[in-house]
A.B. asks: 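One structure coming up, written as structure tokens, with questions to follow.
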Amino acid sequence: MATTDDDRRPKYQRIADSLREAIQSGEYGPGDRLPGENDLMAAHGVARMTARQALSVLKDEGVAESRKGAGVFVRAFRPLRRRGIQRLAQEQWGSGRSIWSADIENRTLVVDQVTVSEETAPERIGQVLDLADADTVCVRRRRFVLDGKPVLLATSYLPTSVVAGSAITQEDTGPGGTYARLAELGYKPVHFREEIRSRMPTKDEAAQLSISAGTPVILVCRTAFADEGRPVEINEMTLDAASYILEYDFDA
């Protein structure tokens, strides 16, 4: 009998595939407990390590999650659809709405960690913001939690010379957020550029986002420009890849 490509795949991968298919077919729904290591060992006649690897595949993909002392469960979190163009429209922040309102619908978003500090600009930041060596930046670090799940780490850098004394240097920037405050200061963003990459998370990122070390993260670096092409903010974001759908909708 001929050997198929599927037959040549590692056993743990075939077990993971069968579990994934069961999830996609509805046999296991969001929040349901998946068969444990002992169950998989008995059902497939494999060693514990093979069963563990199969479950790890699903956890690394963001399909399943471990609950300490309880087992592995189908992930119940509904991915966030990030509307990359609509969310940055002036009609969003210009009318006092958060740019997140274009994404979250009626879901609960919380910024549970915020720090604001004045720091020496890292070289890469100073180059983009066109700062002198002695210039400092206002650094805003936040963690965003959606429906109880950490989904995004964000660090914004803004020239201190632009934002000093404004609400941007406070934890709560007010209605419309940073971009509305920049507009009030005479530096209204008129153009944005986003660069997107992906990689595996650092240990600290995995801990802050509550993801396994095998779940990739998406890196989005956004630069906001005021009139005459002046860069006024760099926002470096780290997204849990399993929590996001990136949507870009534009005319031809």
Side-chain angles (χ1 to χ4, degrees), residues 1-84 103-105 107-108 143-153 194-220 237-249:
M1 181 181 295
T3 300
T4 66
D5 289 340
D6 284 344
D7 291 335
R8 288 194 292 266
R9 302 189 74 190
K11 280 190 176 181
Y12 77 87
Q13 188 66 64
R14 281 180 271 160
I15 295 171
D17 290 345
S18 66
L19 288 172
R20 190 186 305 102
E21 290 170 4
I23 293 169
Q24 293 172 347
S25 69
E27 182 178 344
Y28 298 106
D32 285 351
R33 184 182 183 277
L34 292 172
E37 292 176 10
N38 291 338
D39 300 320
L40 295 177
M41 289 165 62
H44 297 275
V46 295
R48 183 173 300 278
M49 182 56 68
T50 301
R52 185 171 299 168
Q53 286 178 303
L55 292 171
S56 292
V57 168
L58 299 181
K59 289 188 288 184
D60 289 347
E61 292 176 352
V63 174
E65 59 187 1
S66 291
R67 298 180 189 171
K68 191 172 182 180
V72 178
F73 295 77
V74 178
R75 196 177 191 192
F77 183 83
R78 176 163 56 95
L80 171 66
R81 187 173 293 274
R82 182 183 187 273
R83 295 175 169 86
D103 304 332
I104 63 174
E105 300 169 343
R107 303 170 71 179
T108 302
R143 184 174 80 161
F144 295 82
V145 178
L146 184 67
D147 295 343
K149 168 71 177 71
V151 295
L152 170 69
L153 308 174
E194 287 194 344
E195 300 173 349
I196 300 175
R197 296 180 293 128
S198 65
R199 60 165 168 75
M200 304 311 291
T202 65
K203 185 176 181 179
D204 181 61
E205 289 168 344
Q208 289 197 68
L209 291 171
S210 298
I211 58 177
S212 66
T215 300
V217 290
I218 299 170
L219 307 178
V220 180
M237 294 162 273
T238 304
L239 292 63
D240 168 14
S243 294
Y244 276 88
I245 297 172
L246 304 185
E247 178 182 300
Y248 295 90
D249 183 8

A.B. asks: Kindly indicate whether the side chain of Lys59, heavy atoms from C-beta on, has any atom under 4.5 Å from the side chain of Ser66.
C.D. replies: yes
A.B. asks: To the nearest 0.5 Å, how far apart are CG in Leu153 and CE in Met237?
C.D. replies: 11.5 Å
A.B. asks: Can you tell me how far OH of Tyr248 sits from CD1 of Ile196, rounded to the nearest 0.5 angstrom?
C.D. replies: 3.0 Å
A.B. asks: Side chains of Pro201 and Ile211, heavy atoms from C-beta outward: is any pair under 4.5 Å?
C.D. replies: yes
A.B. asks: Would a 4.5 Å heavy-atom cut-off, applied to side chains only, mark Asp240 and Pro150 as touching?
C.D. replies: no
A.B. asks: Given the rule in the salt bridge (Lys or Arg N to Asp or Glu O under 4.0 Å) test, do Glu194 and Arg82 qualify, once you have shown the distances and angles that lead to the verdict?
C.D. replies: CA-CA 13 Å; Glu194 287 194 344; Arg82 182 183 187 273; 2.9 Å; yes
A.B. asks: Please find the pair of heavy atoms, one from Ala16 and one from Ala54, that lie closest to each other, and give the distance.
C.D. replies: CB-O, 3.6 Å
A.B. asks: Check whether any side-chain heavy atom of Leu55 sits under 4.5 Å from a side-chain heavy atom of Leu40, and report yes or no.
C.D. replies: yes
A.B. asks: Check step by step if side-chain contact (heavy atoms from CB on, under 4.5 Å) holds for Val63 and Ile23.
C.D. replies: CA-CA 9 Å; Val63 174; Ile23 293 169; 3.5 Å; yes
A.B. asks: Could you give all pairs that pass the salt bridge (charged side-chain N to carboxylate O under 4.0 Å, His left out) test and reach residues 199-208, with sequence neighbours left out?
C.D. replies: Arg199-Glu205
A.B. asks: Test your reading of the model: is there a side-chain donor-acceptor pair from Arg81 to the backbone of Glu247, 3.5 Å cut-off?
C.D. replies: no
A.B. asks: For a quick test of your reading: what N or O donor-acceptor pairs under 3.5 Å do the side chains of residues 41-51 make, sequence neighbours left out?
C.D. replies:
| from | atom 1 | to | atom 2 | distance (Å) |
| --- | --- | --- | --- | --- |
| Arg48 | NH1 | Glu37 | OE1 | 3.1 |
| Arg48 | NH1 | Asn38 | OD1 | 3.2 |
| Arg48 | NH2 | Asn38 | OD1 | 2.8 |

A.B. asks: With heavy-atom distances below 4.5 Å as the criterion, would you say the side chains of Thr202 and Thr238 are in contact?
C.D. replies: no
A.B. asks: Rounded to the nearest 0.5 Å, what separation is found between the CD atom of Gln53 and the NZ atom of Lys11?
C.D. replies: 12.5 Å
A.B. asks: Give a yes or no on whether the backbone of Asp60 and the side-chain of Thr215 come within a donor-acceptor separation of less than 3.5 Å.
C.D. replies: yes
A.B. asks: Do Leu246 and Ile218 come close enough that some side-chain heavy atom pair is under 4.5 Å?
C.D. replies: yes
A.B. asks: Using 0.5 Å steps for rounding, measure from the OH atom of Tyr28 to the CG atom of Leu19.
C.D. replies: 6.5 Å
A.B. asks: Test your reading of the model: is there a side-chain donor-acceptor pair from Arg33 to the backbone of Gly71, 3.5 Å cut-off?
C.D. replies: no
A.B. asks: Is there side-chain contact between Lys149 and Arg75, with heavy atoms separated by less than 4.5 Å?
C.D. replies: yes
A.B. asks: Does Asp17 come within less than 4.0 Å of Arg20, counting only side-chain N to carboxylate O?
C.D. replies: yes
A.B. asks: So Leu34 and Val74, do their side chains get closer than 4.5 Å, heavy atoms only?
C.D. replies: yes
